[in-house]
There are 2 protein chains.
Amino acid sequence: MGTKIFIVDDHYMVIEGIRSLLQSEKSVEWMGHAMNAASCLAFLQQQLPDVILMDISMPDKSGIDLCREVKERYPSVFIIGLSTFNQQSFIQKMMDNGASGYLLKNATQEELMEGINTVMKGKTYLSGEAAQVLRKNGTGNTPVLTRREKEVLELIAEGMTNNEIAQKLFISITTVDTHRKNLLAKLEAKNTASLIRMAAQMQLI
Amino acid sequence: MGTKIFIVDDHYMVIEGIRSLLQSEKSVEWMGHAMNAASCLAFLQQQLPDVILMDISMPDKSGIDLCREVKERYPSVFIIGLSTFNQQSFIQKMMDNGASGYLLKNATQEELMEGINTVMKGKTYLSGEAAQVLRKNGTGNTPVLTRREKEVLELIAEGMTNNEIAQKLFISITTVDTHRKNLLAKLEAKNTASLIRMAAQMQLI
DNA sequence: GTAAATATCCTGTTTTTCCGGGATTAAAAA
DNA sequence: TTTTTAATCCCGGAAAAACAGGATATTTAC
């Protein structure tokens, strides 16, 4: 009996492509696909695959959230993240939320099979480029922001002044200013402009 | 004789998917694929397809540039842009560079065939969502920035002050300030923070 | 139980941005 | 040829951000 595979991706072309790539493989059993988070969860209530290939971008919910949800309900399922870009932040978040591996969509058939086989053994699999991206910074590049800092950053990005933010969060202007200082330091920005740009690049806003 | 199709995409899964979708179609002839801009151009020197399906993200060159290049050399070829996201700016730029159509990667087989057939007639084809995105703003959403404004915006995003920008561009501080005012007005931003965020969202930086 | 991290608050100064007015020149479009 | 657009320049003042250099509670982690 082969490894039972299910795929969640809202791109029909990708689903077809993966199916085509896996067709020749005797060791895998194609269970079907879902094109959004809701129907994925519905499917899982009926049957449980061994491995889910999960795209990070979905119409109704991000793959990152879906990943966490699925792992909470069905911890035994192995999830492999899928995406077009090697955005460090996405890969990191998927892995944090319990994914066992990550494949970029330019993966070859060999990588795909290697990924499936590796995670089935309980190990972690990252496709070549994904691994590089993670190694390059190892949480060093994207700084850890506190809850409050994220809130303040978001409001700054919306164009609010320290005064407005202070009122909104019921804290003093000087506190907002302090958070701001910390944000500048953490993101290594010298002013608001570079702060927001950095944050945008890191998918923080 | 069917429509000769060539595909340029660096994602193997997508190439496989499209091939699988087109396999059953008698009216199309699969010419092959390229996984980067260079090998695409090399292929075109040997043979000329009727329609090229072209991804916007490529390792060596953006599909937007490749599109312009191919249309300059081989104006008779119809190009259909392909991408994962319905980023208004990308779609707009592809169309500006001579693409005849645009498909999102969640397109169905029907949409794919309709797209190919429509552009072969010399018409423009936009898949459902792509069309909506373009209609929604019709160049209204992304403002037109002048050469100088783009330069100044870029330098602001890099964290430079008006003073520094003035020195770099050999113009007066007050001129930089004027460009800045215009940028704020054009992007409907109330300060630097929202300016940079807007610019990031519109792929201006 | 103690150390580290987080969130809060403060004063004062300097720098930068933002805003409201202008104006002139050169080049492109009508 | 006239009008529009783009690029340049100016002043002055108000508002905001950045910087320096603190302090004090409260969690959280070890």
Side-chain angles (χ1 to χ4, degrees), chain A residues 92 96 137-202 204-205, chain B residues 92 96 137-202 204-205:
Chain A
Q92 187 68 63
D96 289 347
N137 26 45
T139 62
N141 202 326
T142 328
V144 185
L145 300 188
T146 67
R147 185 194 103 251
R148 216 43 162 175
E149 282 163 356
K150 282 182 204 161
E151 284 174 10
V152 171
L153 175 60
E154 186 59 51
L155 297 177
I156 293 171
E158 282 175 22
M160 294 174 74
T161 65
N162 287 347
N163 197 343
E164 291 166 338
I165 295 170
Q167 282 184 281
K168 174 135 190 172
L169 298 182
F170 305 107
I171 54 179
S172 153
I173 299 175
T174 62
T175 305
V176 179
D177 189 56
T178 304
H179 287 311
R180 203 168 185 137
K181 280 182 209 167
N182 294 335
L183 283 167
L184 287 172
K186 283 189 178 179
L187 301 215
E188 291 172 51
K190 55 174 293 194
N191 58 25
T192 301
S194 50
L195 173 72
I196 298 300
R197 183 200 224 174
M198 286 294 182
Q201 280 177 352
M202 294 173 180
L204 260 25
I205 50 172
Chain B
Q92 186 70 61
D96 289 346
N137 27 42
T139 62
N141 203 327
T142 329
V144 186
L145 300 188
T146 67
R147 183 194 104 252
R148 217 42 162 175
E149 282 163 358
K150 281 181 206 162
E151 284 174 11
V152 171
L153 175 60
E154 186 58 51
L155 297 178
I156 293 171
E158 282 174 23
M160 293 174 75
T161 66
N162 287 347
N163 197 344
E164 290 165 339
I165 295 170
Q167 283 185 283
K168 173 133 191 175
L169 298 181
F170 304 108
I171 54 179
S172 152
I173 299 174
T174 62
T175 304
V176 179
D177 189 55
T178 304
H179 288 310
R180 201 168 184 139
K181 281 182 207 169
N182 293 334
L183 283 167
L184 287 172
K186 283 189 178 180
L187 301 215
E188 291 172 49
K190 55 175 293 192
N191 57 27
T192 301
S194 50
L195 174 72
I196 298 300
R197 183 200 224 175
M198 286 293 179
Q201 279 177 354
M202 295 172 179
L204 260 26
I205 51 172

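The sequence lines fix the lettering, A, B, ..., with proteins before strands; numbering per chain opens at 1. Values reported hereafter were calculated over all heavy atoms of this structure, with side chains retained and with hydrogens, waters and symmetry mates removed.
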Can you tell me how far [atom2] of [N] sits from [atom1] of [X], to the nearest Å?
X: A/N182; N: D/dA18; atom1: CG; atom2: P; value: 13 Å
X: A/K150; N: C/dT6; atom1: NZ; atom2: C1'; value: 13 Å
X: B/I171; N: D/dT8; atom1: CD1; atom2: P; value: 5 Å
X: B/E149; N: D/dA6; atom1: CD; atom2: P; value: 7 Å
X: A/E151; N: C/dA7; atom1: CD; atom2: P; value: 9 Å
X: B/L184; N: C/dT16; atom1: CG; atom2: C1'; value: 13 Å
X: A/I196; N: C/dT17; atom1: CD1; atom2: P; value: 14 Å
X: A/K190; N: D/dA18; atom1: NZ; atom2: P; value: 11 Å

What residues, two or more places apart in sequence or in another chain, satisfy side chain to side chain donor-acceptor pair (under 3.5 Å) together with [X]?
X: A/R180; value: A/N162, A/T192
X: B/K190; value: A/E164
X: A/Q201; value: none
X: B/S194; value: B/N191

Exercise. When the nearest nucleotide of DNA chain D is assigned to B/N191 and to B/T146 on a heavy-atom basis, which residue is associated with the more 5' position?
Worked result: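 The residue closer to the strand's 5' end, by nearest nucleotide, is B/T146.
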Looking only at side-chain N and O atoms, does [X] come under 4.0 Å of OP1 or OP2 in [N]?
X: B/R180; N: C/dC18; result: yes
X: B/R147; N: D/dA6; result: no
X: A/H179; N: C/dT8; result: yes

Working to the nearest 0.5 Å, report the span between [atom1] of [X] and [atom2] of [Y].
X: B/E149; Y: B/I156; atom1: CD; atom2: CD1; result: 10.0 Å
X: A/T178; Y: A/R148; atom1: OG1; atom2: CZ; result: 12.5 Å
X: B/M198; Y: B/E188; atom1: CE; atom2: CD; result: 7.0 Å

Problem set entry | Full working for side-chain contact (heavy atoms from CB on, under 4.5 Å) between A/D177 and A/K181 | CA-CA 6 Å; A/D177 189 56; A/K181 280 182 209 167; 3.5 Å; yes
For this session: Between protein and nucleotides 25-30 of chain D, map the contacts as a letter string: B base, S sugar-phosphate only, - none, heavy atoms under 4.0 Å, written 5' to 3'.
Result: ------
Exercise. Going 5' to 3' along nucleotides 24-30 of chain C, which nucleotides have protein heavy atoms under 4.0 Å from the base (write B), which only from the sugar-phosphate (write S), and which from neither (write -)?
Worked result: -------
Exercise. What residues form a side-chain contact (heavy atoms from CB on, under 4.5 Å) with A/L184, not counting sequence neighbours?
Worked result: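 Residues passing side-chain contact (heavy atoms from CB on, under 4.5 Å) with A/L184: A/A189, A/L195.
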For this session: Could you check A/L187 against A/L145 for side-chain contact (heavy atoms from CB on, under 4.5 Å), going step by step and ending with a plain yes or no?
Result: CA-CA 9 Å; A/L187 301 215; A/L145 300 188; 4.2 Å; yes
Exercise. Per the end-axis method with five pairs at each terminus, what is the bend angle of the helix from C/dG1-D/dC30 to C/dA30-D/dT1, to 10°?
Worked result: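 Helix axis angle between the two ends: 70°.
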Problem set entry | Full working for salt bridge (charged side-chain N to carboxylate O under 4.0 Å, His left out) between B/K150 and B/E154 | CA-CA 6 Å; B/K150 281 181 206 162; B/E154 186 58 51; over 6 Å; no
Can you pull every protein N or O that's under 3.5 Å from an N or O on nucleotides 10-12 of chain C?
| residue | atom | partner | partner atom | Å |
| --- | --- | --- | --- | --- |
| C/dC10 | OP2 | A/S172 | OG | 3.1 |

For this session: Would you mind telling me which of A/L155, A/V152, A/I165 makes a side-chain contact (heavy atoms from CB on, under 4.5 Å) with A/H179?
Result: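 Of the listed residues A/L155, A/V152, A/I165, the side-chain contact (heavy atoms from CB on, under 4.5 Å) partner of A/H179 is A/V152.
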Problem set entry | Near-strand residues of residues 154-165 of chain A, defined as heavy-atom separation under 4.0 angstrom from DNA chain D |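 A/T161, A/N162 - these, ordered by number, are the residues of the stretch whose heavy atoms sit under 4.0 Å from the strand.
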Exercise. Partners of B/E158 by salt bridge (charged side-chain N to carboxylate O under 4.0 Å, His left out), sequence neighbours excluded?
Worked result: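 Here no residue qualifies.
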Under 3.5 Å, which donor-acceptor pairs link side chains of residues 166-175 of chain A to any protein atom two or more places apart or in another chain?
| residue | atom | partner | partner atom | Å |
| --- | --- | --- | --- | --- |
| A/S172 | OG | A/T174 | N | 3.0 |
| A/S172 | OG | A/T174 | OG1 | 2.8 |

